[in-house]
Amino acid sequence: MLVTLKEILSNAEKGNYAVGAFNSPTLESARAAVEAAEELQVPIILSHAEVHFEITPLEVMGPILVELAKKASVPVAVHLDHGSNLENVKRAIDVGFSSVMIDASHMSYEENVKTVAEVVAYAQKHHVSVEAELGMITSSGIGGEETPSGEHHMDGEAADFYTDPEVAKDFVERTEIDALAASFGTVHGIYLKEPKLDFDRLKSIYENIQKPVVMHGGSGLSEEEYVTAINSGVRKINYYSYSAKAGAEAIKEYIDSHSNHFYHDFAVVAKEAIKKDVKRAMEIFLNKNKVVR
């Protein structure tokens, strides 16, 4: 069933668990996430990132995600990930998305507030939830632009781009967003070194904003790190890079072990590998609590 992000995260708050947001630029990745969620009977978020529009355009992939959500036996929010402007937010809402993220974190603080507030005003008229970002989450712990592979690039010290708990409170109050993507040490893409997560900062952010916190760069952490993050206020975890990598590795293994190759076999193999990986993540995100539906 198609629901809003606000509905899903409200229940996650009650149950002290997190909901996985799985970027789904292909039919295989989308079906894998929905099938895994239905088998576990947990809510999920199907995301389509703006940087993936070049892989599958919004007007092509969006309706597929919305239809999968409507037919699912579990609550599913369909979410625009890292939308860069109001125009693309409107496009996603027109397609039927129930949630959008506007990422103006690269702007000055006041410009970020103004841009997000405009999106919130528009989204609320259409009963759509809004997520925004304060601070930056990157491939190396520093701020910058995201690429289709999920990486960011920019010079600077990591701590300079972490979310300030006091500023976060002001930001949430002025924009009236439903969830805040906060920077506390996670990174997009594949981890090249062990992440150093600032859980004290995360707890302070959560206590200050009294809203669900979103963890971007959620792939590749240990189970203990996931649990600590959830117990510190994280209610939405973005997960993509490692499941995409699992799909690619499964295809490579299939090619190496079979003499005849057909593209449709690759799709099946990739879907099953992605499904196995996201299902493992979903089980961790439950935080050993029963899901409140």
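Counting only distance, with no hydrogens or angles, the side chain of Glu67 and the backbone of Ile64 share no donor-acceptor pair below 3.5 Å. A distance-only check finds no donor-acceptor pair linking the side chain of Asp277 to the backbone of Ala246 [under 3.5 Å]. Side-chain N or O atoms of Asn208 include one that pairs as donor or acceptor with a backbone N or O of Pro165 at under 3.5 Å. A donor-acceptor pair is defined here as one N or O able to donate and one able to accept, closer than 3.5 Å; no such pair exists between the side chain of Thr56 and the backbone of Thr26.
The shortest distance between side-chain heavy atoms of Met215 and Leu221 falls below 4.5 Å. Using a 4.5 Å cut-off on side-chain heavy atoms (C-beta onward), Leu2 and Val76 make no contact. The side-chain heavy atoms of Asn231 and Phe199, taken from C-beta on, include no pair separated by under 4.5 Å. Inter-residue side-chain proximity for Gln124 and Glu176 is flagged as met; some heavy-atom pair is nearer than 4.5 Å. You'll find the side chain of Leu180 stays beyond 4.5 Å of the side chain of Glu131, heavy atoms only. A 4.5 Å side-chain heavy-atom check between His79 and Phe97 finds every atom pair outside the cut-off. Residues Val214 and Val234 form no side-chain contact, since every pair of their non-hydrogen atoms from C-beta on lies 4.5 Å or further apart. The closest side-chain heavy-atom distance from Ile177 to Val172 is below 4.5 Å.
For Lys236 against Ala18, the heavy-atom pair with the smallest separation is N-CB, 4.4 Å. Considering every non-hydrogen atom in both Ser73 and Gln41, the closest pair reads OG-NE2, 3.3 Å. Contact detail for Leu5 and Ala179: the closest heavy-atom pair is CD2-CB, 4.4 Å. Minimum heavy-atom separation, Ile8 to Ala77: CD1-N, 3.6 Å. Nearest approach of Gly185 to Tyr162, heavy atoms of both residues: CA-OH, 3.4 Å. Residues Ile93 and Ala123 approach most closely at CD1-CA, 4.1 Å, considering heavy atoms.
Leu202 CG to Thr228 OG1: the interatomic distance, rounded to the nearest 0.5 Å, is 9.5 Å. Here the straight-line distance linking atom CG of Asp81 with atom CD of Glu50 works out to 9.5 Å at 0.5 Å rounding. To the nearest 0.5 Å, the span separating OG on Ser99 from CD on Glu7 amounts to 11.0 Å. Separating the CG atom in Asn238 from the CZ atom in Phe22 is a distance of 9.5 Å, to the nearest 0.5 Å. To the nearest 0.5 Å, the span separating NE2 on His82 from CG on Asp103 amounts to 5.5 Å. Put simply, CG on Asp164 and CD1 on Ile205 are 8.0 Å apart, with the number rounded to the nearest 0.5 Å.
In the hydrophobic clustering of ILVMFWY residues, with side-chain heavy atoms under 4.5 Å counting as a link, Ile284 and Leu197 come out together. Neither Met101 nor Met61 shares a network with the other; the hydrophobic side chains, linked directly or stepwise wherever heavy atoms of I, L, V, M, F, W or Y lie under 4.5 Å apart, form separate groups for each. Leu68 is not connected to Val60 by any chain of hydrophobic side-chain contacts under 4.5 Å among Ile, Leu, Val, Met, Phe, Trp and Tyr, and they are in different clusters. Under a hydrophobic clustering in which Ile, Leu, Val, Met, Phe, Trp and Tyr are joined whenever their side-chain heavy atoms come within less than 4.5 Å, directly or via other members, Val227 and Ile230 fall into different clusters. The hydrophobic cluster containing Met107 does not contain Ile102, counting ILVMFWY residues as joined when their side-chain heavy atoms lie under 4.5 angstrom apart, directly or transitively.
Between His48 and His52, the two ring planes are tilted [angle within 30° to 60°]. The aromatic rings of Tyr226 and Phe285 stand perpendicular to each other, their planes meeting at an angle above 60°, with 30° marking the opposite boundary.
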After noting the C-alpha distance and the side-chain angles of Ser204 and Glu207, does the key distance pass the side chain to side chain donor-acceptor pair (under 3.5 Å) rule?
CA-CA 5 Å; Ser204 183; Glu207 290 170 358; 5.3 Å; no
Derivation of the side chain to side chain donor-acceptor pair (under 3.5 Å) call for His258 and Glu253
CA-CA 9 Å; His258 291 75; Glu253 183 178 334; over 6 Å; no
Lys252 vs Asp256, test: side chain to side chain contact (heavy atoms under 4.5 Å, CB included). Steps then yes/no.
CA-CA 6 Å; Lys252 183 179 184 301; Asp256 291 343; 3.2 Å; yes
Any chance you could lay out the side chain to side chain contact (heavy atoms under 4.5 Å, CB included) test for Lys288 and Glu283, step after step, and finish with the verdict?
CA-CA 8 Å; Lys288 300 181 180 179; Glu283 290 174 327; over 6 Å; no
Quick one, Tyr254 with Asp265, criterion side chain to side chain donor-acceptor pair (under 3.5 Å). Give me CA distance, side-chain angles, the key distance, then yes/no.
CA-CA 9 Å; Tyr254 181 86; Asp265 292 325; 3.3 Å; yes
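With respect to Glu87 and Arg91, no salt bridge is recorded, no charged nitrogen being found less than 4.0 Å from a carboxylate O. Salt bridge absent: Asp94 and Lys90 never bring a charged side-chain N and a carboxylate O closer than 4.0 Å. Ion pair Glu173/Lys211 not flagged as a salt bridge, since none of the NZ, NE, NH1 or NH2 atoms sits closer than 4.0 Å to an Asp/Glu carboxylate oxygen. With salt bridges taken as basic N to acidic carboxylate O contacts below 4.0 Å, none links Lys275 and Glu28.
Atom NZ of Lys279 has more than 12 neighbouring heavy atoms from other residues, nucleotides or ligands inside a 6.0 Å radius. For CD of Glu223, the number of neighbouring non-hydrogen atoms (other residues, nucleotides, ligands) closer than 6.0 Å is 12 at most. The neighbour count for Glu224 CD, taken as heavy atoms of other residues, nucleotides or ligands under 6.0 Å away, does not exceed 12. Heavy-atom contacts from other residues, nucleotides or ligands closer than 6.0 Å to NE2 of His127 number 12 or fewer.
Taking the centre and axis of the six-membered ring of Tyr206, the NZ or CZ atom of Arg235 falls inside the cone set by 45° and 6.0 Å.
Considering Val130, Val95, Val100 in turn, Val100 is the only one that fulfils the side chain to side chain contact (heavy atoms under 4.5 Å, CB included) rule with Leu80. Results of the side chain to side chain contact (heavy atoms under 4.5 Å, CB included) test with Tyr240 over Ser29, Pro25, Ser24 single out Pro25 as the only residue that passes.
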Show every donor-acceptor pair shorter than 3.5 Å between a side-chain atom in residues 112-120 and any protein atom, with sequence neighbours excluded, or say none if there are none.
residue	atom	partner	partner atom	Å
Asn112	ND2	Glu133	O	3.3
Thr115	OG1	Glu111	O	2.9

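A side-chain donor-acceptor contact under 3.5 Å links Glu225 and Ser222. Judged purely by distance below 3.5 Å, without hydrogens or angles, the side chains of Asp170 and Tyr109 pair a donor atom with an acceptor atom. Tyr239 and Asn23 share no side-chain donor-acceptor pair at under 3.5 Å.
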